[in-house]
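Here is the structure we will look at.
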Amino acid sequence: MTSINPDAANNFIKDIINDDIAQGKNGGRVHTRFPPEPNGWLHIGHAFAVNLNYHLALSYGGKFNLRFDDTNPLKEEQEFVDSIMADVKWLGADWEDRLFFASDYFEQKYQFAVYLIEQGLAYVDDLTAPEMREYRGTLTEPGRESPYRNRAVQENLDLFARMRRGEFPDGSRTLRAKIDMQSPNLNMRDPALYRIRHAHHHRTGGTWCIYPMYDYAHPIGDYLENITHSLCSLEYADHRPLYDWVVEHMGHAFPASGRPQQTEFGRVSLSYTVMSKRKLRRLVEEGHVASWDDPRMPTIAGLRRRGYTPSAIRAFCGLCGVARKNVVMDLALLEHCIREELNAKAPRVMAVLRPLKLVLENYPEGQVEWLEVGNNPEDPQSGTRLVPFSREIYIEQEDFMEVPAKKFHRLTLGGEVRLKGAYIIRCERVVKDPDTGEITELRCTYDPLSKSGGEQSGRKVKGTSHWVSAPHAVEAEVRLYDNLFSQADLGDAGEGDFMIHLNPSSLVVLDDCKVEPSIAAAVPGSRYQFLRQGYFYADPECQANGRLVFNRIVGLKDTWARG
RNA sequence: GGGGGAUUGGUCUAACGGUAGGACGACUGACUCUGGAUCAGUUUGUGGAGGUUCAAAUCCUUCAUCCCCUGCCA
């Protein structure tokens with residue numbers, strides 16, 4: 001079990017839990033849950049919530065449930081249940097045998113509603129939706145009581161039973177809690193508990209035509225599952241009095257030893273991207289990204305496809321603040337987490353993304369040397385591999401400048417550079433296309449005494465370049481992913497306007513890359529550091545058709561490019 | 001003249017009346033057969049005003065700003 005930052009300072013939720021344990025609440029148990037609605041894909045913000053709930057339970061020796069909040073058949077689909085389960089599992093949160101659905105409790109919820117009616121705490125209302133809105137009042141004005149508010153218990157019981165039987169059309173009636181139309185908290189102005197929806201539910205099919213509302217269903221689910229700490233996002237703080245109202249009456253109807261309590265925390269979002277379902281959907285529907293799992297998307301599926309590891313995402317979540325305010329985390333922190341992990345673990349290989357042919361005029365034609373190169377300087381255990389070297393090689397176009405810029409450390413006309421793991425070379429001539437003036441080839445010489453690891457290899461030059469032997473080079477496609485948006489905080493860009501900040505270069509596809517032969521058979525899903533370029537992921541889907549495709553997960557930090 | 005929540009450097013966070021610290025980023029330098037990594041260092045902060053106190057980021061008052069709430073969504 002990978003832990004997130006176990007030494008992290010306490011957060012306010014831990015403070016609350018510690019107090020609860022000290023007071024013996026719920027017998028000192030800690031039991032959390034992650035309650036997604038199966039109506040979309042999980043994103044990095046959800047990962048934070050999953051992680052928070054799971055690791056809180058874990059660190060207190062408690063339990064963690066996965067519970068789908070499927071009370072609205074119009075929006076929910078099995079497809080999302082499947083993808084969410086896969087994502088939560090991939091993130092490493094283990095619900096063991098505690099997979100639940102709000103719909104598992106529809107019958108109990110119905111019985112409890114009957115109890116509320118009997119107690120005079122709920123009534124069937126015939127108001128239409130627009131009427132109900134009008135009766136509700138406004139933020140600054142109290143509401144008015146529905147004319148149906150004081151129906152007799154028997155009439156309510158009868159009407160509610162007939163609602164269940166399907167005698168009334170959608171929208172014609174609701175079951176409402178009888179609380180307080182004067183409350184300054186709109187959630188307490190006789191909130192709807194049930195609405196009529198003659199719709200097919202992904203799990204219960206056509207069994208029901210009345211469906212409970214979130215505010216009613218959620219606390220019941222928590223209560224029935226013996227949840228102790230029901231964590232949710234900030235916007236539900238106003239709903240807490242209603243949550244408590246339901247729990248309190250559940251306690252009377254179905255006495256149990258435990259009582260769940262709701263605590264709100266701030267959502268986590270990321271800079272240079274968007275998080276709202278609506279905006280993510282627009283990106284897909286308008287074709288700005290290929291799909292929900294496009295490697296530029298902040299969805300779990302997208303991050304996975306990009307090449308992020310669950311452990312890096314967990315580490316990131318552990319570094320995020322748990323606070324009573326929504327936060328926008330710096331993308332750089334997420335990138336730091338994957339770099340840190342991959343720096344330690346990823347094998348290094350040489351890949352030339354934008355090749356420039358280079359001929360070593362004094363290197364014997366037809367000769368091939370297999371040079372031993374270290375796999376990872378950070379990991380002595382990682383060993384070495386053999387890389388072929390020959391008269392014709394490729395180097396990176398940007399590693400040569402005929403007229404060097406200030407502080408340029410690599411190859412220049414008449415200058416020297418070391419080829420990583422091989423020899424020091426000197427550029428003698430530049431061959432150009434006579435028409436375009438474009439550099440097509442470099443004619444160079446090598447210093448035979450400078451061979452890496454050789455006795456006389458100690459000579460220093462100011463730069464080192466990566467390279468690939470031309471006759472041995474393997475063709476690959478490389479997809480350079482970058483920030484989806486060029487502006488860090490899209491929050492204040494007007495609605496609908498955020499698209500103007502799309503980064504036109506969020507994806508650059510290079511299809512003429514040359515990689516060293518050692519990764520010709522790269523295992524799909526494996527990760528490498530392309531020397532001096534970044535960390536890359538052998539794309540599992542694109543690999544399928546026999547073509548090598550690598551996704552750039554994240555670039556290396558590059559102090560030269562920055563300057 | 002509604003209710004709820006929040007405010008510590010560029011970002012996130014610690015402090016629970018007693019030296020404002022950390023992470024990421026940025027910048028310097030060292031080192032380097034990756035301009036990576038590593039190491040050393042630097043920079044930037046308690047929203048404002050009052051008050052309580054020997055002592056306030058922390059407690060009180062007040063102002064300001066930001067977020068959420070008028071679905072038969074969650």
Side-chain angles (χ1 to χ4, degrees), chain A residues 5 8-11 15 35-37 39 69 71-72 74-76 125 127-129 132-134 136-143 170-176 183-189 191-197 211 213-215 217-218 232-241 264 266 268 271 319-337 339-340 343-344 348 350 373-374 377-378 407-410 418-422 424 450 452-453 457 460-466 488-489 491 529-534 555-563:
Chain A
N5 210 6
N10 281 349
N11 55 55
D15 289 345
E37 182 186 17
N39 73 340
D69 233 319
T71 57
N72 185 352
L74 265 26
K75 293 190 171 180
E76 296 143 8
D125 198 349
L127 252 29
T128 63
M132 198 185 285
R133 187 178 312 128
E134 195 186 321
R136 185 161 33 237
T138 68
L139 294 177
T140 53
E141 297 162 320
D170 287 6
S172 59
R173 285 177 224 265
T174 56
L175 183 75
R176 289 230 258 171
S183 174
N185 182 344
L186 295 266
N187 297 116
M188 299 299 272
R189 319 240 263 227
L193 267 23
Y194 271 90
R195 75 289 218 186
I196 300 172
R197 285 252 212 283
Y211 290 92
M213 302 289 291
Y214 168 88
D215 283 321
H218 202 90
C232 62
S233 47
L234 250 26
E235 66 267 29
Y236 291 103
D238 285 340
H239 298 239
R240 198 185 330 127
E264 309 84 23
V268 167
S271 59
L319 292 171
C320 291
V322 180
R324 278 194 171 97
K325 64 173 178 186
N326 296 323
V327 299
V328 180
M329 296 299 294
D330 196 335
L331 213 211
L333 187 61
L334 212 212
E335 295 183 336
H336 162 78
C337 290
R339 279 197 195 101
E340 189 177 49
N343 177 52
R348 269 107 245 236
M350 292 195 282
V373 181
E378 300 296 316
K407 288 188 157 182
F408 184 73
H409 283 186
R410 287 188 291 274
R418 164 161 305 273
L419 296 177
K420 173 72 181 179
I424 292 173
S450 65
S452 276
S457 66
K460 302 286 184 200
V461 287
K462 61 189 173 187
T464 303
S465 285
H466 59 283
D489 185 357
Q529 184 197 101
F530 287 0
L531 222 62
R532 293 193 39 250
Q533 299 283 357
L556 253 28
K557 294 218 287 187
D558 185 348
T559 50
W560 157 247
R562 257 205 315 264

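Residue numbers begin at 1 in each chain, while the letters A, B, ... track the order of the sequences. Computed from a predicted structure; not experimentally measured.
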Intra- and inter-strand pairs of RNA chain B in dot-bracket (Watson-Crick or G-U wobble, both distances under 3.5 Å; | for another strand):
.((((((..((((....[..)))).(((((.......)))))....(((((..]....))))))))))).....

Are any of [X]'s side-chain N or O atoms less than 4.0 Å away from OP1 or OP2 of [N]?
X	N	result
A:Arg324	B:rU7	no
A:Arg195	B:rA74	yes
A:Thr559	B:rG36	yes
A:Thr71	B:rA74	yes
A:Arg339	B:rA37	no
A:Arg532	B:rG35	yes

Classify the nucleic acid contact of [X] as base, sugar-phosphate or nothing, counting any heavy atom under 4.0 Å across all strands shown.
X	value
A:Gln533	nothing
A:Leu333	sugar-phosphate
A:Lys460	sugar-phosphate
A:Arg418	base
A:Asn343	base
A:Asp69	sugar-phosphate
A:Pro377	base
A:Phe408	base

Base [N] to side chain [X], donor-acceptor N/O within 3.5 Å cut-off:
X	N	result
A:Asp330	B:rG25	no
A:Glu378	B:rG36	yes
A:Asp15	B:rC16	yes
A:Arg348	B:rU34	yes

As a test of reading the structure: which of [options] is closest to the side chain of [X], going by heavy atoms?
X	options	result
A:Pro184	B:rA74, B:rG3, B:rG35	B:rG3
A:Arg410	B:rU34, B:rA26, B:rG35	B:rG35
A:Met132	B:rG2, B:rC72, B:rG35	B:rC72
A:Lys325	B:rG36, B:rG3, B:rU8	B:rU8
A:Asn326	B:rA74, B:rC67, B:rG35	B:rC67
A:Asp558	B:rU34, B:rG35, B:rA74	B:rG35
A:His409	B:rG25, B:rG35, B:rC73	B:rG35
A:Tyr236	B:rA74, B:rG2, B:rC24	B:rA74

[N] and [M]: how far apart are their [atom1] atoms, nearest whole angstrom?
N	M	atom1	value
B:rC54	B:rA40	C1'	40 Å
B:rG3	B:rA20	P	38 Å
B:rG47	B:rU34	C1'	45 Å
B:rG4	B:rU62	P	14 Å

Length of the line joining A:Arg176:CZ and B:rC72:P, which is rounded to integer Å:
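A:Arg176 atom CZ is separated from B:rC72 atom P by 8 Å.
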
Syn or anti for B:rG4, taking syn as within 90° of 0?
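You should classify B:rG4 as anti.
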
